[in-house]
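Below is one structure, written out as structure tokens, with a few remarks after it.
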Amino acid sequence: MDTKNCKTDIRSLSLEALQQLFVTMGEKSFRAKQVYEWLWKKSCFSFDDMSNISKELRAKLQENFTINFVKINNSQFSADKTIKNSFILYDNQIIEGVLIPTAERMTACVSSQVGCSLTCKFCATGYMDRKRNLNPDEIYDQVVLLDQQSKQQYGQPLSNIVYMGMGEPLLNYANMMKSVERITAEDGLNMAAKRITVSTAGIAKMIKKLGDDNVRFNLALSLHAANDEKRNKIMPINEQNTLKALAEALKYYYNKTKNPVTYEYIVFHHFNDELQDAMELAKFCRHLPCKVNIIEYNPITFADFTNAGEDKIEAFADYLRRQGIITNVRRSRGKDIDAACGQLAVNEKKGSAEVESQAVTV
Ligand code: SF4
């Protein structure tokens, strides 16, 4: 609902619901399909622009509905071509999304919640409260805006989407799933599910649900330690979702979907950068087919973590590779801008630079 005028956001309605509504309004049901196409396929945010819809119907829609679209609030351009955007929502909340160009791909990193409740110690968003979940259209709009930005700035459409921005997507499960449905739908963005990766801090019950729902997109787990004691220290969610519970849930997920899982691992200096840590990670990797992305960390001012040295990271990756584990080392992007999960949104909201976090790594 629009909080200002209490009109329903028309994009909260399914096509079927819209068709039924049109019939009760005395309109032909195919008109609903036309409107639905304007809303999703063409991302049209004004009823007035729906040129094949009669003036009368447009007026009726205007009277009864609103379109709560997302707008770019601010963009920061990095020397490495990464573009970090803050987006403003209909209720003035700020979220963020990043466009990350590499030689092989054009990736959009999108948010799933305003803030986050999971308090991971190394993440700027973890120091914000969770304000609310994003609606499916608010996730979808971020993808549309980043796709437009990608075409305008670099002459290429998006090739990949990662749900690695603000928030825990599996704690906004239904809306995350609806957004994927719209992104992959023929009357949406028509992108392949295999181009989408949903990243979780590790909610065992919801990982199993992904298996039950037999999802076709990729799943990544932000692991960062394969030892409960260490993981509890940096990711409090691990206290209720232990490594044993996560391994069990991931095996369940794999057996249902046959999708290998990606583990994300930031190698922190003097925390999880020793051979013993690599051995624990390798052991965890034996549970199911997987690969490891080692992520470079961009330190935040008020948490006591720094990035491990280059030699430690290489030794860590080498050990994993020698164990037969596919391992990529991902360099941090957009270090010269606020390209870190939560950083720009916090700065925009508070008008200060008090929070910094890890730079995006894709
Ligand atoms: S890393 Fe992800 S789950 Fe953890 S606090 Fe940040 S946004 Fe939330």
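Both backbone and side-chain heavy atoms feed into the values below; hydrogens, waters and symmetry mates do not.
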Is there a donor-acceptor pair closer than 3.5 Å between any side-chain N or O of E37 and the backbone N or O of D187? no

More than 12 heavy atoms of other residues, nucleotides or ligands under 6.0 Å from NZ of K28: is that the case? no

Evaluate K84 against E96 for salt bridge (Lys or Arg N to Asp or Glu O under 4.0 Å), listing each step before the verdict. CA-CA 7 Å; K84 177 105 176 185; E96 57 190 36; 2.8 Å; yes

Pair K230, D277 - check salt bridge (Lys or Arg N to Asp or Glu O under 4.0 Å), show working. CA-CA 10 Å; K230 284 193 181 183; D277 299 294; 2.7 Å; yes

Could you tell me whether D147 and K151 have a side-chain N and a carboxylate O separated by less than 4.0 Å? yes

Check this for me: does any side-chain nitrogen of one of K312 and E274 sit under 4.0 Å from a carboxylate oxygen of the other? yes

Does E229 CD have over 12 foreign heavy atoms under 6.0 Å away? no

Are any side-chain N or O atoms of T8 and backbone N or O atoms of I10, one a donor and one an acceptor, separated by less than 3.5 Å? no

Checking the side chain of R105 only, and the main-chain atoms of N160 only, is there a donor and an acceptor separated by less than 3.5 Å? no

Side chains of Y154 and I83: does their closest heavy-atom pair fall under 4.5 Å? yes

Check the pair R31 / L57 against side-chain contact (heavy atoms from CB on, under 4.5 Å), numbers first and verdict last. CA-CA 9 Å; R31 291 279 175 223; L57 178 54; 4.2 Å; yes

Where do K208 and D212 land on the salt bridge (Lys or Arg N to Asp or Glu O under 4.0 Å) test, with the steps shown first? CA-CA 6 Å; K208 284 188 175 173; D212 288 335; over 6 Å; no

Heavy atoms of other groups near L275 CG, more than 12 under 6.0 Å: yes

Qualifying residue for ring pair (Phe, Tyr, Trp, His ring centres under 6.0 Å) with F69, from Y140, F87, F45: F45

Given side-chain contact (heavy atoms from CB on, under 4.5 Å), test C285 with L281 step by step and report yes or no. CA-CA 6 Å; C285 285; L281 176 55; 4.2 Å; yes

Side-chain contact test, heavy atoms from C-beta onward, threshold under 4.5 Å: evaluate it for M176 versus L170 and give yes or no. yes

Give a yes or no on whether K33 atom NZ has more than 12 heavy-atom contacts from other residues, nucleotides or ligands under 6.0 Å away. no

Plane angle bin for F122 and H224 - parallel if under 30°, tilted between 30 and 60°, otherwise perpendicular: perpendicular

Checking the side chain of D141 only, and the main-chain atoms of K71 only, is there a donor and an acceptor separated by less than 3.5 Å? no

Are the side chain of N172 and the backbone N or O of S112 linked by a donor-acceptor pair below 3.5 Å? yes

Checking N85 against S75: is there a side-chain donor and acceptor pair closer than 3.5 Å? yes

Checking salt bridge (Lys or Arg N to Asp or Glu O under 4.0 Å) for the pair D318/R322: CA distance, chi angles, key distance, verdict? CA-CA 6 Å; D318 274 357; R322 278 188 273 114; 5.5 Å; no

Heavy-atom pair with the smallest gap, counting every atom of Y265 and A225: CE1-N, 3.7 Å

Expected output: side-chain E264 to main-chain L221 donor-acceptor under 3.5 Å: no

Is the Lys NZ or Arg CZ of K81 less than 6.0 Å from the centre of F77's six-membered ring, within 45° of the axis? no

A quick test of your reading: do over 12 heavy atoms of other residues, nucleotides or ligands sit less than 6.0 Å from CZ of R182? yes

Taken in chain and number order and not counting sequence neighbours, the residues that satisfy side chain to side chain contact (heavy atoms under 4.5 Å, CB included) with N135 are Y90, R132, D137, E138, N175

Using a 6.0 Å cut-off, check whether atom NZ of K258 has over 12 heavy atoms from anything other than its own residue. yes

Test item: E280 and F284 side chains (from C-beta on) under 4.5 Å apart, heavy atoms: no

K194 to F217, cation-pi by 6.0 Å centre distance and 45° axis angle: no

Taking side chain as C-beta onward, heavy atoms only, is L99 less than 4.5 Å from L158? yes

Side-chain heavy-atom pair R195, T107 within 4.5 angstrom cut-off: no

Should the pair K7 and F65 be classed as cation-pi, given the thresholds of under 6.0 Å to the six-membered ring centre and 45° from the axis? no

Treating T184 as the side-chain partner and V180 as the backbone partner, does any N or O pair qualify as donor plus acceptor under 3.5 Å? yes

Heavy-atom side-chain contact between I325 and R321 under 4.5 Å: no

After noting the C-alpha distance and the side-chain angles of V215 and Y253, does the key distance pass the side-chain contact (heavy atoms from CB on, under 4.5 Å) rule? CA-CA 9 Å; V215 296; Y253 164 85; 3.9 Å; yes

Just by modelled atom types, is the Q156 backbone N or O under 3.5 Å from a matching donor or acceptor in the S150 side chain? yes

Side chain proximity check, N68 to R11, heavy atoms < 4.5 angstrom: no

Is a side-chain donor or acceptor of Y319 paired with a backbone partner of A282 at a separation under 3.5 angstrom? no

Is it the case that the side chains of N52 and W38 hold a donor-acceptor pair, with the cut-off being a distance below 3.5 Å and no angle test? yes

Would V261 and Y254 count as a side-chain contact (heavy atoms from CB on, under 4.5 Å) here? Give the steps. CA-CA 8 Å; V261 172; Y254 178 76; 5.7 Å; no

Would you call L243 and N238 a side-chain contact if the rule is heavy atoms closer than 4.5 Å? yes

Looking at R330, is its backbone amide N or carbonyl O close enough to the side chain of N328 to form a donor-acceptor pair, meaning the two atoms are under 3.5 Å apart? no

Heavy-atom closest contact (I67 atom, C44 atom, distance): CD1-O, 3.9 Å

